[in-house]
**Q** 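Before we start, here is the structure in question, set down as structure tokens.
Residue indices begin at 1 and follow the sequence shown.
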Amino acid sequence: MMKRLLFTLSLVLLCFSSCSQKETISDFDVDQQLEYCHKQVKRTLDMIGDTTRMPRNVLPGQTAWNLVPVSIGEWTVGFWPGTLWYAYEATQSEDIRNHAVHYTELLAPLTKESPYDHDLGFQLFCSYGNGYRLTGNGSYKQILLNAADTLATLFNPKVGTILSWPREVEPNNWPHNTIMDNMINLEMLYWAAKNGGDKKLYDIATSHAATTMKYGFREDGGNYHVAVYDTITGDFLKGVTHQGYADSTLWARGQAWAIYGYTMVYRETGEQRFLDFAEKVTDLYLNHLPQNEYVPYWDFNAPNIPDEPRDASAAAIVASALLELQDYVNDPEKKETYKLAAVNMLKELSSTQYQSHEKNPSFLLHSTGHWPNKSEIDASIIYADYYYIEALLRYKALTSN
Ligand code: GLY
């Protein structure tokens, strides 16, 4: 009798929790948020037109984008064209498509330069990658194939990873350094291997992911940001931070790159070890979020929490990643947890606390770029917008099926 009562009670609880989760998920109006993004994109275009520079940030107290010149050393230049491609995908506006073409093609000179660092993936896959996906333009495809070959020249087979920052080798004495952000740029290598490029690019990307999984994290799944290796022996030397608070703390965007990166690597390889790892790095992140809050502080262990800046960009990256990852996990409860977390992140980012509205023409406020350098703190930053609109489109695709 007691057993039957407990069973009935657990069924009621299960139904209650899954019904209330569904309710929470279904009350997010994604079209309204996409319309907001469209409005902000139009505001930016009204302000800057077809300039030759790219929006990068709006700092606290400012009301307009700071624009940066296109250069191989400017890692963010692909995000504005990428945002325009997503806005075109959402609206089918020919006008936005024309601007997307203009800003994408400004990046063509980057493809003729010798390898500078791993950011070539961010620069070209967000811009030309989305452009090719949406237009099938053959010249864009060739640019991406060339860029993948260029990126692969930074691979050190002895270590098994790409050298992320050649420029940091000497000043920091980091002979071979591989940073967590570099995980995202493996996507261009996988894409090239599948689209007529050298099949070795697949092996390079997978070796990079596996080696980083082994050495780029602490036991608990928290990222170091930078893994340093010996170039001759290939040995792992140390794990340190560059943009986090300290070597032992959890830099929020670094963990976001890991979640997004291992989700993508699982999609591309189908290897269970990468799915398991994507879940591990995700669970650590979710378990450390402040109670009932979905936008993290810039570093989970920053010393002055709750008086520390947030990082909306990390939340946008993770929301987008979780909307993909939930599709791969087998455990129905975990699937629901990830989906609900992603929606809660999107809801929080879509609140007046985080959306910019008339304050400035970006989508989102409150990202942190580089706290140790004291740069872009509590700012609107273009990559937060890029991953936010990507996540909205992923959410829309998920809920319209
Ligand atoms: N890729 C640099 C950053 O995440 O800030």
**Q** Which atoms form the tightest heavy-atom contact between I259 and L322, and what is the distance?
**A** CG2-CD2, 4.3 Å
**Q** Assert yes or no for the condition that the ring centre distance of Y202 to Y190 is strictly below 6.0 Å.
**A** yes
**Q** Look up atom OG in S207 and atom CG in L189, then write down how far apart they are to the nearest 0.5 Å.
**A** 11.0 Å
**Q** Does E74 come within less than 4.0 Å of R53, counting only side-chain N to carboxylate O?
**A** no
**Q** Search all heavy atoms of T178 against all heavy atoms of I162 and return the closest pair with its distance.
**A** OG1-O, 2.9 Å
**Q** I'd like to know if the side chain of R253 reaches the main chain of D181, judged simply by a donor and an acceptor atom lying under 3.5 Å from each other, with no hydrogens or angles considered.
**A** no
**Q** Does A108 offer a backbone N or O that forms a donor-acceptor pair with the side chain of T111 under 3.5 Å?
**A** yes
**Q** Are the side chain of N66 and the backbone N or O of V58 linked by a donor-acceptor pair below 3.5 Å?
**A** no
**Q** If you apply the rule side-chain hydrogen bond (donor to acceptor under 3.5 Å, both in side chains), what do you find for Q33 with Q355, and how did you get there?
**A** CA-CA 10 Å; Q33 308 317 326; Q355 284 188 336; 2.9 Å; yes
**Q** Can you list the steps and then say if Y103 with I48 is a side-chain contact (heavy atoms from CB on, under 4.5 Å)?
**A** CA-CA 12 Å; Y103 280 102; I48 69 170; 3.4 Å; yes
**Q** Quick test of your reading of the model: are D95 and K42 salt-bridged, counting only N-O distances below 4.0 Å?
**A** no
**Q** Taking the side chain as everything from C-beta on, heavy atoms only, tell me whether V101 gets closer than 4.5 Å to N137.
**A** no
**Q** Between T206 and E271, is a side-chain contact (heavy atoms from CB on, under 4.5 Å) present by the stated rule, with each step listed?
**A** CA-CA 10 Å; T206 306; E271 288 191 42; 3.9 Å; yes
**Q** Does E293 reach the side chain of E348, with side-chain heavy atoms less than 4.5 Å apart?
**A** yes
**Q** Got a second to check how far D117's CG is from I72's CD1, nearest 0.5 Å?
**A** 7.5 Å
**Q** Given Y328 and E279, is the side-chain hydrogen bond (donor to acceptor under 3.5 Å, both in side chains) satisfied, shown in steps?
**A** CA-CA 10 Å; Y328 304 147; E279 291 182 34; over 6 Å; no
**Q** Could you give the distance from CG (L124) to CG (N146), rounded to the nearest 0.5 Å?
**A** 10.0 Å
**Q** To the closest 0.5 Å, what do you measure between CD (Q92) and CZ (R97)?
**A** 9.0 Å
**Q** List the atom of E113, the atom of T150, and the distance in Å for their closest heavy-atom pair.
**A** O-CG2, 4.2 Å
**Q** Do you see a donor-acceptor pair shorter than 3.5 Å between the side chains of T368 and Y297?
**A** no
**Q** Within the side chain of S380, is there an N or O that forms a donor-acceptor pair under 3.5 Å with the backbone of L364?
**A** yes
**Q** Grab the two heavy atoms, one from S127 and one from L107, that are nearest each other, plus how far apart they are.
**A** OG-CD1, 3.3 Å
**Q** Set out, in order, the CA-CA distance, both residues' side-chain angles and the distance that settles side-chain contact (heavy atoms from CB on, under 4.5 Å) for D299 and D311, then state yes or no.
**A** CA-CA 8 Å; D299 186 308; D311 186 9; over 6 Å; no
**Q** Decide yes or no on side-chain hydrogen bond (donor to acceptor under 3.5 Å, both in side chains) for W85 and T104, but give the supporting numbers first.
**A** CA-CA 9 Å; W85 284 118; T104 296; 2.8 Å; yes
**Q** Quick one: pull up CH2 in W65 and CZ in R43 and give me the separation to the nearest 0.5 Å.
**A** 11.0 Å
**Q** Centroid-to-centroid, H99 to Y88, below 6.0 Å?
**A** no
**Q** Examine distances only and state if a side-chain atom of Q326 and a backbone atom of K335 form a donor-acceptor pair shorter than 3.5 Å.
**A** no
**Q** Identify whether NZ of Lys or CZ of Arg in K194 sits under 6.0 Å from the centre of the six-membered ring of W191 and within 45° of that ring's axis.
**A** no
**Q** Do R394 and E390 sit within salt-bridge range, that is, some charged N less than 4.0 Å from a carboxylate O?
**A** yes
**Q** Considering all heavy atoms of both residues, which atom of R218 and which atom of N223 are nearest to each other, and what is their separation?
**A** NH2-O, 3.3 Å
**Q** So, does N177 use its side chain to make a donor-acceptor pair with the main chain of W165 at under 3.5 Å?
**A** yes
**Q** How about OH on Y245, more than 12 heavy atoms from neighbouring residues, nucleotides or ligands closer than 6.0 Å, or not?
**A** no
**Q** With a 4.5 Å cut-off on side-chain heavy atoms, are I389 and L34 touching?
**A** yes
**Q** Taking the side chain as every heavy atom from C-beta outward, state whether P115 and L151 have any atom pair closer than 4.5 Å.
**A** no
**Q** Can you tell if the side chain of H242 reaches within under 4.5 Å of the side chain of W251, non-hydrogen atoms only?
**A** no
**Q** If only atom types and distance count, is the side chain of H225 paired as donor or acceptor with the main-chain N or O of Q243 below 3.5 Å?
**A** yes
**Q** Indicate yes or no: at least one non-hydrogen side-chain atom of R310 is less than 4.5 angstrom from one of Y354.
**A** yes
**Q** Tell me whether the rings of W371 and W298 are parallel (<30°), tilted (30 to 60°) or perpendicular (>60°).
**A** parallel
**Q** Per the ring pair (Phe, Tyr, Trp, His ring centres under 6.0 Å) rule, which among Y383, W257, Y387 passes with F122?
**A** W257
**Q** Are the side chains of Y260 and E324 in contact, using a 4.5 Å heavy-atom criterion?
**A** no
**Q** Step by step, would you call N185 with L120 a side-chain contact (heavy atoms from CB on, under 4.5 Å)?
**A** CA-CA 8 Å; N185 299 322; L120 199 59; over 6 Å; no
**Q** As a test of understanding, state which of L154, V159, V169 forms a side chain to side chain contact (heavy atoms under 4.5 Å, CB included) with H176.
**A** V159
**Q** In Å and rounded to the nearest 0.5 Å, what is the CG to OG distance from L392 to S350?
**A** 6.0 Å
**Q** Please confirm whether the backbone N or O of R167 pairs with a side-chain atom of E170, one donor and one acceptor, at under 3.5 Å?
**A** no
**Q** Keeping the roles fixed (side chain from Q255, backbone from Y285), state whether a donor-acceptor pair exists under 3.5 Å.
**A** no
**Q** Do Y36 and H357 touch side chain to side chain, with heavy atoms closer than 4.5 Å?
**A** yes
**Q** Taking N304's backbone N and O only, do any of them form a donor-acceptor pair with E308's side chain (distance below 3.5 Å, no angle check)?
**A** yes
**Q** Which heavy atom of F300 sits nearest a heavy atom of P296, and at what distance?
**A** CZ-CB, 3.8 Å
